[in-house]
Amino acid sequence: MMFTWEETEHKIYQQERYLRFGTNASLGGMLFYPSFRQLYETYPDLSITMKTGATNYIEDEVLQGNLDIAYVLGYPKHKNLQYIHKADEHLVLIGKNVLNHDNIADCIDRQNILFASEDCCCLTTLQAIYNDYQVTKGELTHIYDYEALIQFTQLGMGVSIVAKSLVEKHKIQHYMELPEQYRNIGLYLIARQDHGFTSIEKQFIGLNDKL
């Protein structure tokens, strides 16, 4: 998808200037702040609707027409959505208990599980690891604040799984690589199969590609 600002600017002014966009809570809105800022500087009357949540929730919002495009972590699964692969992510286990053990089974055994959403692919992956390694789960604790969830794991209150790109962003010290079969996940741009990308959406996507 190649385009330039000059090629699209006149088209954007011919359209209603809005962007209905979603992303995972784990990715966070600040990831897209530079793109938002550039669009707002050029189009002060731009209207942006943004929702965050688990991948399943964001996919449903796009399918229902409440959002037009979104960036999500996960795997293609809806035939009525188009998934445009943008990057590969690695998942890591986070928690202070990784200091005490060299293998993942011992790290998670009897540890509380901290999660941001029941539908999160990270929680699904962690539960699969528990089942496959046949170790005992601790309590499941739902923490809506993603920053708090990360900090609580670092204090030793439990374990969780996050994208490795967040390690540096949140200064996570205690983390462990997952076994290869659980590690890889994709970052996808999604939209409805019949959605035609507007000029402003194309510009937004192009700005994000440079981040």
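All heavy atoms count here, side chains included; hydrogens, waters and symmetry mates do not. If you're wondering where the values come from, they're calculated on a predicted model, not measured in any experiment.
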- [ ] Would you indicate whether the side-chain heavy atoms of Asn184 and Asp88 approach each other to under 4.5 Å?
- [x] no

Open item on the list: For Phe32 and Phe204, take the angle between the two ring planes, folded into 0 to 90°, and tell me which bin it lands in: parallel under 30, tilted 30 to 60, perpendicular over 60.
Closed with: tilted

TODO: Give a yes-or-no answer on whether the side chains of Gln154 and His170 include a donor-acceptor pair shorter than 3.5 Å.
DONE: no

- [ ] Kindly write out the residues that satisfy salt bridge (Lys or Arg N to Asp or Glu O under 4.0 Å) with Lys210, not counting sequence neighbours, or none if the list is empty.
- [x] none

Task: For the student: nearest non-hydrogen atoms of Cys121 and Thr55, plus distance - done: SG-OG1, 4.4 Å

Task: Nearest atoms (heavy-atom pairs only) where Asn24 meets Leu73 - done: OD1-N, 2.6 Å

Open item on the list: Is there a side-chain contact between His195 and Ile69 in this structure, where contact means two heavy atoms from C-beta onward sitting under 4.5 Å apart?
Closed with: yes

- [ ] For residues Leu187 and Leu27, report the shortest heavy-atom separation together with the two atoms involved.
- [x] CD1-CD1, 3.8 Å

Open item on the list: Run the side-chain hydrogen bond (donor to acceptor under 3.5 Å, both in side chains) test against Asn100 and tell me which residues pass, sequence neighbours left out.
Closed with: Asn97

Task: ring pair (Phe, Tyr, Trp, His ring centres under 6.0 Å) partners of residues 87-121, not counting sequence neighbours, each pair once - done: Phe115-His142

TODO: Applying side-chain hydrogen bond (donor to acceptor under 3.5 Å, both in side chains), name anything that partners Lys79, two or more places apart in sequence or on another chain.
DONE: none

- [ ] Using the rule that two of Ile, Leu, Val, Met, Phe, Trp, Tyr join whenever any of their side-chain heavy atoms come within less than 4.5 Å, decide whether Ile104 and Leu91 are in one cluster.
- [x] yes

Task: Residue pair Met176 / Cys107: nearest heavy atoms and the distance that separates them - done: CE-SG, 3.3 Å

Open item on the list: Looking at every non-hydrogen atom in both residues, tell me the closest pair between Ala54 and Cys120 and how far apart they are.
Closed with: CB-N, 4.0 Å

Task: Single-linkage hydrophobic cluster, 4.5 Å side-chain cutoff, Leu149 and Ile185 together - done: no

- [ ] Among residues two or more places apart or on two chains, list those pairs meeting side-chain hydrogen bond (donor to acceptor under 3.5 Å, both in side chains) that have a residue in residues 125-141.
- [x] Asp132-Tyr182

TODO: Mark yes when over 12 heavy atoms from residues, nucleotides or ligands other than Lys96 sit less than 6.0 Å from its NZ; otherwise mark no.
DONE: no

Task: side-chain contact (heavy atoms from CB on, under 4.5 Å) partners for Leu46, two or more places apart - done: Arg17, Leu39, Tyr40, Tyr43, Ile48, Ile200

Can you give each donor-acceptor pair under 3.5 Å made by side-chain atoms of residues 156-168, sequence neighbours left out, with the distance rounded to 0.1 Å?
residue, atom, partner, partner atom, Å
Ser160, OG, Leu114, O, 2.9
Lys164, NZ, Glu177, OE2, 2.4
Ser165, OG, Glu89, OE2, 2.4

Open item on the list: Among residues at least two apart in sequence or on other chains, which ones pass side-chain hydrogen bond (donor to acceptor under 3.5 Å, both in side chains) with Thr23?
Closed with: none

Open item on the list: Test of understanding: with side-chain hydrogen bond (donor to acceptor under 3.5 Å, both in side chains), list the residues that count as partners of Asp106, not counting sequence neighbours.
Closed with: Asn103

Task: Test item: Val135 and Gln111 side chains (from C-beta on) under 4.5 Å apart, heavy atoms - done: no

Open item on the list: Who clusters with Val72? Use side-chain heavy atoms, under 4.5 angstrom, across I, L, V, M, F, W and Y, and order the result by chain and number.
Closed with: Tyr57, Ile58, Val62, Leu63, Leu67, Leu81, Tyr83, Tyr188, Ile190

- [ ] Would you mind listing every side-chain hydrogen bond (donor to acceptor under 3.5 Å, both in side chains) that reaches into residues 63-76, with sequence neighbours excluded?
- [x] Arg20-Asp68, Glu61-Asn66, Gln64-Asn66, Asp68-Arg192, Tyr71-Asn208

Task: Counterpart residues, side-chain contact (heavy atoms from CB on, under 4.5 Å), relative to Ala148 (two or more places apart) - done: Ile143, Asp145, Phe152

Open item on the list: Please determine whether residues Ile150 and Leu178 belong to a single hydrophobic cluster, defined as Ile, Leu, Val, Met, Phe, Trp and Tyr linked transitively by side-chain heavy-atom distances below 4.5 Å.
Closed with: no

